[in-house]
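Right, one structure below, let's go through it.
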Amino acid sequence: MRFLPKTLALVSALACAGLAQAADIKIGVAAALTGGAAQYGVSIRNGFQLAAEEINAKGGINGNKIQLVIEDEQGKKEEGINVFKKLIFQDKVLMVFGPTLSNSMFAAGPVANAAKTVVFGTSVTANGITDIGPYVFRNSVMESDVLPVTVATATKHYKLKKVAVIYGNDDAFTKSGYDVFKKVLEDQKLPVTTTETYVKGDVDFKAQLTKIKGSNPDAVVCSCLAEEAANIMLQARGLGIKVPFIGGNGFNSPKLFEISKLAGEGTFVGSPWSNTNPAPANKAFVASYVKKYNAEPNQFAAQAFDALHVAAAALQEVKLSGDVNTDREALKNALPKATINGATGPFKFRAAVTKTGKPGGWDADQKPFIYVVKGGKFTAFDGK
Ligand code: 1QQ
């Protein structure tokens, strides 16, 4: 003991006496807090902060408090990569949540996977995300699990015979959503009257909508982010298109109604979260969210909230060594078995089925709720 530096001697003395300070668990959150995707990213950050506060108030994880390191990736690929590098190599976080968009995940996810650091998406729904590698996890439900249900439900309800399609062809999520819609429409034998595209930043969709109107569909299928979807809806009504819309995960933002007002009435959409789900975990989440933020939560907040609880469930089972590489690997091995009963209901992972057959990451194993838009609000579809 005589030869040890003073502070080290003190630490080891405390450790011997069982008084060593519990360490914080640093967890990175990369979310789009500014720019167009902030309509999703701000809710995501709120969900994480609420979950971290609650977990820490109950004593943390095996006595260790969670410390969130939150960065704005602006919904841009390059910023996603920059922020991931900072969190992983500079801050040396145990794991990273995010980014908000699939488009950014395809760029930033490989950075985390190569650094053998868990990256956990809470809002990324495109096909192929978990093909990036074994360190990639998500609790966001893939469009390929949700859209077949959404389309089948809308088809039955409206007795659809043919639909038009519109999508953004330069975003990984809207493009992948289109690929899924195309396959679902083929599988469900619903003919397509016309397929129209736009690119990021477009605000005038009248040329595409005029073609859609001329093709006389019974509904318009839209693989779009919320802001574009809302403008498409408004302009469609302006052109006299009266048929309902069918959308994907991009629709699940209150922004849709802020812009479209009542233009989206009758829209069908699927989501893994229901605001009216009476399960105790969801009621508790909604109540504490409203108390903290003085606003209603949405799906993106619920998924972020649940994601931290999933990570916490895995971390309960990990004996942290203090060596970041060892601990990152231990978390990656514990995470696939983590299950919770959360705001989005019972959650578990399933191993990704990759295109290459190489080992991939882990996808969400959850079923969607179906909603129809009534009075400018998502309303649980009652099956009639
Ligand atoms: C994706 C999405 C978006 C709607 C996330 C906010 O599902 O990019 O995958």
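All residue numbers in this chain count up from 1 along the given sequence.
- Separation of the Phe349 and Phe347 ring centroids falls under the 6.0 Å cut-off.
- Listed for the Lys292 side chain is no donor-acceptor partner under 3.5 Å among the backbone atoms of Tyr289.
- Arg328 places no side-chain N or O within 3.5 Å of a backbone atom of Asp323 that could act as its donor or acceptor partner.
- No side-chain donor from either of Ser274 and Asn277 sits under 3.5 Å from a side-chain acceptor of the other.
- Taking both residues in full, the closest heavy atoms of Gly248 and Phe181 are given as N-CZ, 4.3 Å, listed atom of the first, atom of the second, then distance.
- We find that Lys175 and Asp179 are joined by a salt bridge, their nearest charged nitrogen and carboxylate oxygen being less than 4.0 Å apart.
- When every heavy atom of Ala302 is checked against every heavy atom of Thr344, the shortest pair comes out as CB-CG2, 4.1 Å.
- A 4.5 Å side-chain heavy-atom check between Tyr198 and Cys224 finds at least one atom pair inside the cut-off.
- Between Ile246 and Val220 there is no side-chain heavy-atom pair separated by less than 4.5 Å.
- Look at Glu71 and Lys86 and you find a salt bridge, because one of the NZ, NE, NH1 or NH2 atoms lies within 4.0 Å of a carboxylate O, short of that distance.
- No donor-acceptor distance shorter than 3.5 angstrom exists from the side chain of Asn231 to the backbone of Val203, with no hydrogens or angles considered.
- Surrounding CG of Asn294 are at most 12 heavy atoms belonging to other residues, nucleotides or ligands under 6.0 Å away.
- Salt bridge absent: Asp218 and Lys161 never bring a charged side-chain N and a carboxylate O closer than 4.0 Å.
- Between the OG1 atom in Thr210 and the CD atom in Gln235 there is a gap of 9.5 Å [rounded to 0.5 Å].
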Are Lys332 and Asp327 close enough, and set up right, to give a salt bridge (charged side-chain N to carboxylate O under 4.0 Å, His left out), and what steps lead you there?
CA-CA 9 Å; Lys332 175 230 167 200; Asp327 291 343; over 6 Å; no
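- Atom NZ of Lys116 sits in a sparse spot, with 12 or fewer heavy atoms from other residues, nucleotides or ligands closer than 6.0 Å.
- Gln366 contributes no side-chain N or O that, together with a main-chain N or O of Val141, makes up a donor-acceptor pair within less than 3.5 Å.
- Asn275 places none of its side-chain heavy atoms less than 4.5 Å from the side chain of Val286.
- Residues Leu185 and Val149 fall within the same hydrophobic cluster, defined by Ile, Leu, Val, Met, Phe, Trp and Tyr side chains chained together at heavy-atom separations under 4.5 Å.
- Atom-to-atom distance recorded for Asn62:CG and Leu315:CG is 8.5 Å, nearest 0.5 angstrom.
- Nearest heavy-atom pair across Ile166 and Ile232 is CD1-CD1, 4.0 Å.
- The pair Glu228-Lys200 does not meet the salt-bridge criterion, since no charged nitrogen lies less than 4.0 angstrom from a carboxylate oxygen.
- Taking the six-membered ring for Trp and the full ring otherwise, Tyr158 and Phe268 have centroids separated by under 6.0 Å.
- Looking only at side-chain heavy atoms (C-beta outward), Leu256 and Val269 stay at 4.5 Å or farther from each other.
- In this structure, the side chains of Leu50 and Phe285 come closer than 4.5 Å at one or more pairs of heavy atoms.
- Taking hydrophobic clusters as Ile, Leu, Val, Met, Phe, Trp and Tyr residues chained together by side-chain heavy-atom distances below 4.5 Å, Phe97 shares a cluster with Leu101.
- In this structure, Pro254 and Asn298 have side chains that are in contact, with non-hydrogen atoms separated by less than 4.5 Å.
- Taking 4.0 Å as the cut-off between side-chain N and carboxylate O, Glu186 and Lys182 count as a salt-bridged pair.
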Please evaluate residues Asp131 and Thr354 with respect to the criterion side chain to side chain donor-acceptor pair (under 3.5 Å), reporting the C-alpha separation (whole Å), side-chain torsions for both, the decisive distance (0.1 Å), and the verdict.
CA-CA 5 Å; Asp131 285 36; Thr354 62; 5.1 Å; no
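- Between the side chain of Lys76 and the backbone N or O of Glu73 there is no donor-acceptor pair closer than 3.5 Å.
- More than 12 heavy atoms of other residues, nucleotides or ligands sit less than 6.0 Å from atom NZ of Lys26.
- Contact check for Asn127 versus Ser144: side-chain heavy atoms found under the 4.5 Å cut-off.
- Residue Trp273 is grouped with residue Phe305 when hydrophobic side chains (ILVMFWY) are merged at heavy-atom distances under 4.5 angstrom, including chains of intermediate members.
- For the residue pair Ser271 / Gln299, a side-chain donor-acceptor distance below 3.5 Å is found, with atom types taken as modelled.
- Criterion: ILVMFWY side-chain heavy atoms under 4.5 Å apart, direct or through other members. Under it, Ile132 and Ile81 are part of a common hydrophobic cluster.
- Glu143 contributes no side-chain N or O that, together with a main-chain N or O of Ser176, makes up a donor-acceptor pair within less than 3.5 Å.
- With Arg138 contributing its side chain and Thr122 its backbone, the two residues share no donor-acceptor pair below 3.5 Å.
- The distance from atom CZ of Phe48 to atom CD of Gln303, rounded to the nearest 0.5 Å, is 10.0 Å.
- The pair Asp365-Lys348 meets the salt-bridge criterion, since a charged nitrogen lies less than 4.0 angstrom from a carboxylate oxygen.
- In the hydrophobic cluster analysis, where Ile, Leu, Val, Met, Phe, Trp and Tyr join through side-chain heavy atoms closer than 4.5 angstrom, Leu234 is grouped apart from Ile241.
- Interatomic distance, Lys213 NZ to Thr193 OG1, rounded to the nearest 0.5 Å: 14.0 Å.
- Here the shortest heavy-atom pairing between Gln39 and Ser253 reads OE1-OG, 3.3 Å.
- Phe137 is not listed as a side-chain neighbour of Asp363, based on a closest heavy-atom distance of 4.5 Å or more.
- Although no hydrogens or angles enter the test, the distance criterion places a donor-acceptor pair under 3.5 Å between the side chain of Asn103 and the main chain of Ala172.
- Side chain of Ser123 to main chain of Thr100: a donor-acceptor pair is present (N/O by atom type, distance under 3.5 Å, no hydrogens or angles).
- A donor-acceptor contact shorter than 3.5 Å is absent between the side chain of Asn282 and the backbone of Pro278.
- Between Leu68 atom CG and Ile27 atom CD1 the span is 6.5 Å, to the nearest 0.5 Å.
- The distance from atom CD of Glu196 to atom CD of Gln208, rounded to the nearest 0.5 Å, is 6.0 Å.
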